[in-house]
Amino acid sequence: PFADAGAAVHVVATGSGASVVTLHVTGVDADPGRTFGAHVHQLPCGELGSAAGGHYLHAGLDPTLPLEQREVWLDVTVNAAGNGHAVALRPWIVDQSSQRSVILHANPTAADGTAGARLACVDLDGD
């Protein structure tokens with residue numbers, strides 16, 4: 001569904017020590033209302049989806065917090081034009097010391113963080 005699609009991800013660190021992460025997708029070839037899981041991953045995109053590594057997990061957070069609060073999930077639902085938008089606000093700064101990416105997955109994200117096959121990848125754009 002992402003062969004002819006476009007995507008952009010932006011990370012903005014706020015003055016209060018938080019991060020706003022936005023994902024925009026356009027031209028996705030999917031039924032209106034379809035939701036794709038999307039997560040910030042540890043590494044940049046590569047030749048294979050596996051190059052992006054696992055989900056980015058913010059260091060130093062209480063491991064008893066729900067997984068969604070320790071990661072950045074950006075599940076996106078497309079409209080009839082194949083466009084969608086997602087925003088995640090986290091009360092911590094996304095560490096971009098090594099470039100990171102967002103992987104778009106085949107399914108919506110389950111509570112355990114799984115979302116099916118890796119369909120597309122877009123590198124983060126930090127501001």
Side-chain angles (χ1 to χ4, degrees):
F2 292 94
D4 295 318
V9 177
H10 302 282
V11 179
V12 177
T14 70
S16 63
S19 295
V20 179
V21 184
T22 59
L23 169 65
H24 305 275
V25 296
T26 58
V28 178
D29 184 17
D31 292 332
R34 179 163 176 194
T35 300
F36 297 90
H39 316 108
V40 173
H41 278 250
Q42 298 170 349
L43 302 168
C45 301
E47 288 292 318
L48 300 174
S50 59
H55 293 180
Y56 169 72
L57 184 65
H58 189 69
L61 292 178
D62 181 347
T64 64
L65 287 172
L67 193 56
E68 185 177 5
Q69 292 178 21
R70 296 180 285 141
E71 296 184 356
V72 181
W73 296 359
L74 295 155
D75 285 22
V76 62
T77 302
V78 296
N79 63 19
N83 302 328
H85 173 81
V87 177
L89 173 63
R90 293 294 177 265
W92 34 265
I93 300 295
V94 173
D95 175 9
Q96 295 186 79
S97 58
S98 65
Q99 189 178 10
R100 305 204 188 279
S101 60
V102 168
I103 293 282
L104 291 129
H105 295 270
N107 304 314
T109 305
D112 67 357
T114 59
R118 296 177 182 203
L119 302 179
C121 184
V122 59
D123 288 321
L124 294 187
D125 173 20
D127 291 332

Student: Donor-acceptor pair, distance only, cut-off 3.5 Å: does the side chain of H105 make one with the backbone of G116?
Tutor: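 It does hold such a pair.
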Student: Could you tell me whether the side chain of W73 reaches within less than 4.5 Å of the side chain of H39, counting heavy atoms only?
Tutor: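 Yes. Closest side-chain heavy atoms under 4.5 Å.
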Student: Look up atom CD in E68 and atom CG in D112, then write down how far apart they are to the nearest 0.5 Å.
Tutor: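 So the CD of E68 and the CG of D112 are separated by 12.0 Å.
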Student: Measuring from R90:CZ to Q69:CD, what's the distance to the nearest 0.5 Å?
Tutor: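 Reported value, rounded in 0.5 Å steps: 7.5 Å.
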Student: Return the minimal non-hydrogen interatomic distance between G37 and T109, and the atom names on each side.
Tutor: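 For G37 versus T109, the nearest heavy atoms are CA-OG1, 3.7 Å.
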Student: What residues, two or more places apart in sequence or in another chain, satisfy ring-ring contact (aromatic ring centres under 6.0 Å, His included) together with H58?
Tutor: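 ring-ring contact (aromatic ring centres under 6.0 Å, His included) check on H58 returns W92.
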Student: So, does H24 use its side chain to make a donor-acceptor pair with the main chain of A8 at under 3.5 Å?
Tutor: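 Judged by distance alone, no pair lies under 3.5 Å.
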Student: Quick one: closest heavy-atom pair of L23 and A38, and the distance?
Tutor: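 So the minimum-distance heavy-atom pair works out to CD2-CB, 3.7 Å.
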Student: Could you point out which residue of V87, L89, L74 forms a side chain to side chain contact (heavy atoms under 4.5 Å, CB included) with V21?
Tutor: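 Considering V87, L89, L74, a side chain to side chain contact (heavy atoms under 4.5 Å, CB included) with V21 is found only for L74.
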Student: Which residues pass the salt bridge (Lys or Arg N to Asp or Glu O under 4.0 Å) test with D95, sequence neighbours left out?
Tutor: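 By the salt bridge (Lys or Arg N to Asp or Glu O under 4.0 Å) rule, D95 matches R100.
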Student: Pair D29, D4 - check side chain to side chain contact (heavy atoms under 4.5 Å, CB included), show working.
Tutor: CA-CA 8 Å; D29 184 17; D4 295 318; over 6 Å; no
Student: State whether the side chain of S101 and the backbone N or O of C121 hold a donor-acceptor pair below 3.5 Å, judged by distance alone.
Tutor: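 Answer holds: no.
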Student: Would you mind reporting whether V102 and L124 have side-chain heavy atoms less than 4.5 Å apart?
Tutor: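 In short, these two side chains touch, coming nearer than 4.5 Å.
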Student: Do N79 and P32 come close enough that some side-chain heavy atom pair is under 4.5 Å?
Tutor: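 No, too far: nothing below the 4.5 Å cut-off.
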Student: Check whether any side-chain heavy atom of L67 lies under 4.5 Å from a side-chain heavy atom of L57, and answer yes or no.
Tutor: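 Result yes, sub-4.5 Å side-chain heavy-atom pair found.
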Student: Test R118 against every option in L48, I103, L104 by the side chain to side chain contact (heavy atoms under 4.5 Å, CB included) rule and name the one that passes.
Tutor: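 Output: one option passes, namely I103.
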Student: Pairing donors with acceptors under 3.5 angstrom, does anything connect the side chains of D75 and T35?
Tutor: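 Checked: D75/T35 side chains show no N/O donor-acceptor pair below 3.5 Å.
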Student: Determine whether more than 12 heavy atoms belonging to other residues, nucleotides or ligands lie under 6.0 Å from atom CG of D62.
Tutor: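 Yes, enclosed.
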Student: Any side-chain heavy-atom pair from V28 and F36 closer than 4.5 angstrom?
Tutor: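 They are in side-chain contact.
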Student: Is there a path of hydrophobic side-chain contacts, each under 4.5 Å between heavy atoms, that joins V20 and V25?
Tutor: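 No, because V20 and V25 fall into different hydrophobic clusters, even though each may have its own neighbours under 4.5 Å.
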Student: Tell me whether V9 is reachable from F2 by hopping between hydrophobic residues (I, L, V, M, F, W, Y) whose side-chain heavy atoms are closer than 4.5 Å.
Tutor: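 Same hydrophobic cluster.
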Student: Would you say the side-chain atoms of D123 pair up with the backbone N or O of C45, donor to acceptor, closer than 3.5 Å?
Tutor: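 Flag set: sc D123 to bb C45 pair under 3.5 Å.
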Student: Please report the closest heavy-atom contact between L119 and A106, naming both atoms and the distance.
Tutor: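 Minimum heavy-atom contact is CD1-CA, 3.5 Å.
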Student: Can you hop from L65 to V94 via hydrophobic side chains spaced under 4.5 Å?
Tutor: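 Yes, same cluster.
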